[in-house]
Structures are given as structure tokens and as C-alpha cells.
Amino acid sequence: MSALRVLCFRAPANFAWTFGAIHGCHFSTVPEASHNVMPYKLHRLDQGPNTTVTYNREEALKYYRQMRTIRVMETTASNLYKSKIIRGFCHLYSGQEAIAVGMEAAITPEDSVITAYRAHGWTYVRGVSVLGVLAELTGRKSGCANGKGGSMHMYAKNFYGGNGIVGAQVPLGAGIAFAHKYKNDNNVCIALYGDGAANQGQLFEAYNMAKLWNLPCIFVCENNGFGMGTSAARASASTSYYTRGDYVPGLWVDGMDVLGVKEATRFAKDYVLKNGPILIEAATYRYHGHSMSDPGTSYRTREEIQEVRQTRDPIGKFKEVITKSGLVTEAEIKKIEEDIKKEVGDAAELSKTDAELPVEELYSHIYVNPPADMKVRGCDDSIWAATK
């Protein structure tokens with residue numbers, strides 16, 4: 001019996017064709033294209049991720065839909081906040097979509113993620129619906145935490161938030177990574193924080209413990225240039241955040257390139273499962289202010305924001321890449337955008353009219369599966385009745 005022979009070559013229209021033959025011929029085509037990413041910067045690494053990334057049509061459509069959905073969802077959240085339908089804190093992810101989408105594309109649902117309070121995009125890619133996000137923001141029952149968490153505290157399976165204390169999610173992420181190592185389940189934890197949290201002492205304690213025990217943790221600094229109203233250069237003596245782990249290896253990636261982020265994360269996951277922690281700095285930009293109370297224009301110019309939108313926007317750049325490759329047409333992009341507009345619009349309407357939790361629910365979900373005879377102050381009917 002002759003050996004299997006496989007021949008691969010690049011066709012002019014960016015299609016990868018695979019030909020195999022065993023006792024005859026079988027012919028199949030898989031539409032693919034290649035993309036060159038901005039070179040990575042490395043710290044304590046002999047080699048880094050691939051700078052040429054291959055992707056297929058299905059991936060192109062998926063990543064574009066996810067990023068565009070996050071963008072429209074965040075714009076809708078901004079409008080709901082300005083209409084005083086969303087109250088309290090609200091931190092928007094517009095401009096940073098390629099990080100959540102790219103990283104999620106390189107991990108599995110069994111891997112864990114923990115992040116800061118700019119969490120709407122991550123909540124969505126971790127499996128929560130648009131309605132689950134928007135209804136959480138409006139404090140309604142359909143929210144992913146039944147409306148109890150709001151913007152800063154969103155959760156899903158293997159997604160540990162959305163955390164309100166600056167930098168506190170990083171040592172928690174090291175703990176989650178420790179659990180993965182303890183269970184030997186071959187999964188990792190991604191712990192994300194912003195450049196504004198990068199000088200917190202607890203981060204360096206977490207780096208130390210993670211390296212000491214070689215935990216499968218990917219520490220990610222989403223460097224969007226500003227910590228609240230202060231630029232990174234004014235807050236950090238060293239803005240090379242990917243080197244800040246010292247003895248923890250690091251790499252810098254263009255956080256506005258979804259394919260570059262995906263490849264960097266693929267590399268990082270493989271690395272940490274074999275060697276222990278790594279640090280990624282994803283260079284990105286936020287279009288809105290730090291929160292809805294910050295107009296975001298007192299410490300930077302409107303022209304700067306507009307320039308980034310025109311030259312570095314992750315969604316616009318990716319649209320150009322996938323349409324020029326021939327994998328996706330302009331008509332398909334338009335259809336996706338129309339579908340997203342309807343989906344988000346319908347979710348926004350329901351997030352305004354869905355029921356709120358009754359006040360008694362203030363005391364629910366304190367414990368998981370509590371014993372039948374356990375009493376929690378406020379939950380016992382007689383105590384509740386006495387307080388009315």
C-alpha cells in the first residue's frame with residue numbers, strides 16, 4: 001500500500017488547497033488567508049509567536065461579528081447611561097475589542113479568565129448574551145448576575161469577573177491558576193489588568209508566587225494609555241509593561257490586531273503549561289473616558305482620539321484585512337452589521353422593561369447549596385416580616 005501523500009500550495013486568490021490520494025483521489029478546499037502582524041517585543045524569551053498568521057473564512061466572520069457586537073453594545077450602554085437608565089459605575093470597552101476576542105479565540109471554555117471592571121466585552125465573549133450584559137447594567141432579572149452586580153461585577157462559567165478593586169484580580173488569578181495546576185487539568189488562567197493598575201504592589205507579589213510555583217497563569221496588561229485621567233508616562237517610571245515581571249518572561253503585542261493577539265495568546269498558553277507564568281502587554285486604546293463621569297478630553301485631545309479611530313481601530317483594520325483577502329465580501333459585512341444592530345436594539349429594549357428582582361432577593365445567593373437548617377439574617381421569613 002502506498003503511503004499517503006499530501007500536497008499544499010498557495011493559490012492566487014488566497015485559498016489553501018489540500019490534495020490527498022489513497023487508492024484514488026479526494027479533493028477538498030478550505031478558504032484561508034495569511035496575515036502579517038506587527039513584530040512582537042520579547043523579554044527573557046529566545047523566540048516568540050509567529051508573525052505570519054493563517055485564518056479561515058469562518059474565523060474571519062466570527063471575529064468580526066464579535067468585535068462589532070461589543071462595539072455596538074458599548075455604544076448602546078453609553079446611550080442608556082446618558083438617558084439615566086443605567087446608573088452607578090459604567091466602564092466601556094470600546095477600542096479594546098481585539099484583546100477579548102483574540103484571546104478568547106486561543107483558549108477553551110475550560111480555561112479561566114479574570115479581569116478588572118472594564119468587563120462588558122469579556123463577559124460577552126465568555127458566553128453571556130447581549131441581553132445578559134445590558135440587563136445586568138440596568139439592574140434587571142435577565143442580567144448575568146440577576147442585576148445585582150452591574151457594570152463592575154459580571155460573571156459566567158470560568159469567568160471570575162469584573163472586579164472593582166484596582167489590581168486585586170491579579171493575585172486572585174494566580175490563585176485560580178494554582179487550582180488548575182493542583183487539579184492537573186491542563187488549563188490556564190488569564191488575569192487581566194490595566195496600565196493604571198500596573199504599579200500595584202500586589203501584582204509583583206502575584207508574579208513572585210506564580211513563578212515560584214510555576215503556575216499556568218498568563219498575566220495581561222491591557223495598556224490603553226491612561227489610568228483614569230493620567231497618562232502611562234506620567235504614572236510609570238517604566239512603561240515597558242511586558243518586562244515588569246523581571247524573572248517572568250514577557251511579550252508585547254499590538255492589541256489592536258485581533259489575529260496578532262490570538263497568536264500571542266496561543267503561544268502564551270502553550271508556554272505557561274510547560275514553563276510557568278508569562279506576561280503579555282497588549283497595546284490598545286480606549287475611546288471613551290475612564291468611566292461615564294469622565295469625558296476623556298481634558299487630558300488628551302479630540303484629534304488624538306479621532307486619529308486612532310481612523311488609523312488603528314481594531315474593527316476597521318480587521319474589516320480591511322478580511323475583505324482584501326477575498327474571504328469576506330462587503331455585502332456580508334453589511335448584513336452582519338444589520339443583524340447586530342437589531343440584536344442589540346432588541347436586547348436594549350428588553351433591558352429597559354424586564355422585571356427587577358424583589359427586595360427579598362437582596363439576601364439570596366450568599367451561599368451555594370446551604371444546609372436546610374442554616375439561617376441567614378434577612379432570609380428567614382419571620383425576621384423579614386419583622387422588618388417590614
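If you read the sequence from its start, that first residue is 1, and numbering goes on from there.
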Side chain to side chain, [X] and [Y], heavy atoms closer than 4.5 Å:
X      : Y      : result
Val125 : Met103 : no
Ile190 : Thr265 : yes
Val113 : Ile107 : yes
Val53  : Arg266 : no
Glu263 : Val37  : no
Lys262 : Tyr63  : yes
Val188 : Leu273 : yes
Phe204 : Arg244 : yes

Mind jotting down which residue pairs meet the side-chain hydrogen bond (donor to acceptor under 3.5 Å, both in side chains) criterion with at least one end in residues 226-241? Sequence neighbours excluded, please.
Asn199-Ser236, Ser236-Tyr241

Keeping to residues at least two apart or across chains, list the side-chain hydrogen bond (donor to acceptor under 3.5 Å, both in side chains) pairs with something in residues 125-134.
Glu104-Arg126

Checking one residue: [X]. Which other hydrophobic residues are in its cluster under the side-chain 4.5 Å linking rule?
X      : value
Phe89  : Tyr117, Met152, Val166
Leu131 : Leu350
Val368 : none

Contacts of [X] that satisfy side-chain hydrogen bond (donor to acceptor under 3.5 Å, both in side chains) - sequence neighbours left out:
X      : result
Asp195 : none
Asp313 : Arg71, Tyr287
Lys211 : Asn214
Glu58  : none

Is the backbone N or O of [Y] less than 3.5 Å from a side-chain atom of [X], with the two atoms forming a donor-acceptor pair by type?
X      : Y      : answer
Asn163 : Thr115 : yes
Glu136 : Gly150 : yes
Arg118 : Tyr93  : no
Tyr40  : Gly260 : yes
Asn146 : Lys141 : yes
Lys148 : Glu361 : yes
Thr284 : Gly95  : yes

For a side-chain hydrogen bond (donor to acceptor under 3.5 Å, both in side chains) check, start with the C-alpha distance between His288 and Ser78, then their side-chain angles and the critical distance, and finish with the verdict.
CA-CA 9 Å; His288 296 278; Ser78 175; 4.7 Å; no

Minimum heavy-atom separation for [X] and [Y], please, with both atom names.
X      : Y      : answer
Ala177 : Leu215 : CB-CB, 4.0 Å
Thr138 : Ile85  : CG2-CG2, 3.8 Å
Tyr55  : His35  : CE2-CB, 4.0 Å

Residue pair Ile305, Tyr285: steps toward the side-chain contact (heavy atoms from CB on, under 4.5 Å) verdict:
CA-CA 9 Å; Ile305 301 169; Tyr285 197 85; 3.7 Å; yes

Is atom CD of Gln47 surrounded by more than 12 heavy atoms (other residues, nucleotides or ligands) closer than 6.0 Å?
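No, CD of Gln47 has 12 or fewer neighbouring heavy atoms, counting only those of other groups under 6.0 Å.
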
Using a 6.0 Å cut-off, check whether atom CD1 of Ile165 has over 12 heavy atoms from anything other than its own residue.
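No.
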
Inter-residue atom distance [X].[atom1] - [Y].[atom2], 0.5 Å rounding:
X      : Y      : atom1 : atom2 : value
Arg68  : Asp339 : CZ    : CG    : 13.0 Å
Lys41  : Glu281 : NZ    : CD    : 7.5 Å
Lys62  : Ile336 : NZ    : CD1   : 13.0 Å
Leu192 : Gln169 : CG    : CD    : 8.0 Å
Tyr193 : Asn223 : OH    : CG    : 10.0 Å

For Met154 and Val128: C-alpha separation, side-chain torsions, deciding distance, then whether side-chain contact (heavy atoms from CB on, under 4.5 Å) applies.
CA-CA 9 Å; Met154 295 184 175; Val128 174; over 6 Å; no

Is there a path of hydrophobic side-chain contacts, each under 4.5 Å between heavy atoms of I/L/V/M/F/W/Y residues, joining Val261 to Val101?
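Shared cluster, yes.
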
According to ring pair (Phe, Tyr, Trp, His ring centres under 6.0 Å), does anything in residues 320-350 pair up with another residue at least two apart or in another chain? List the pairs.
none

How would you list all residue pairs meeting ring pair (Phe, Tyr, Trp, His ring centres under 6.0 Å) that involve residues 148-179, not counting sequence neighbours?
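Qualifying pairs: Phe178-Trp213.
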
Would you please say whether a donor-acceptor pair under 3.5 Å links the side chains of Asn79 and Thr76?
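No - no donor-acceptor pair under 3.5 Å links their side chains.
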
Modelled atom types, side-chain donor and acceptor of Glu74 and Tyr124, under 3.5 Å:
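Side-chain D/A pair, Glu74 to Tyr124: absent.
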
With a 4.0 Å cut-off on N to O distance, would you call Lys317 and Glu320 a salt bridge?
no

Glu330: which residues meet the salt bridge (charged side-chain N to carboxylate O under 4.0 Å, His left out) condition with it, sequence neighbours left out?
Lys319

One pair to check against side-chain contact (heavy atoms from CB on, under 4.5 Å): Lys269 and Asp111. What are the steps and the verdict?
CA-CA 10 Å; Lys269 178 176 178 178; Asp111 291 313; 2.7 Å; yes

So Ile340 and Arg65, side-chain contact (heavy atoms from CB on, under 4.5 Å) or not? Walk me through it.
CA-CA 8 Å; Ile340 291 171; Arg65 178 179 291 275; 4.2 Å; yes

Under the criterion side-chain hydrogen bond (donor to acceptor under 3.5 Å, both in side chains), which of Glu337, Glu332, Glu59 is the partner of Tyr64?
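Of the listed residues Glu337, Glu332, Glu59, the side-chain hydrogen bond (donor to acceptor under 3.5 Å, both in side chains) partner of Tyr64 is Glu337.
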
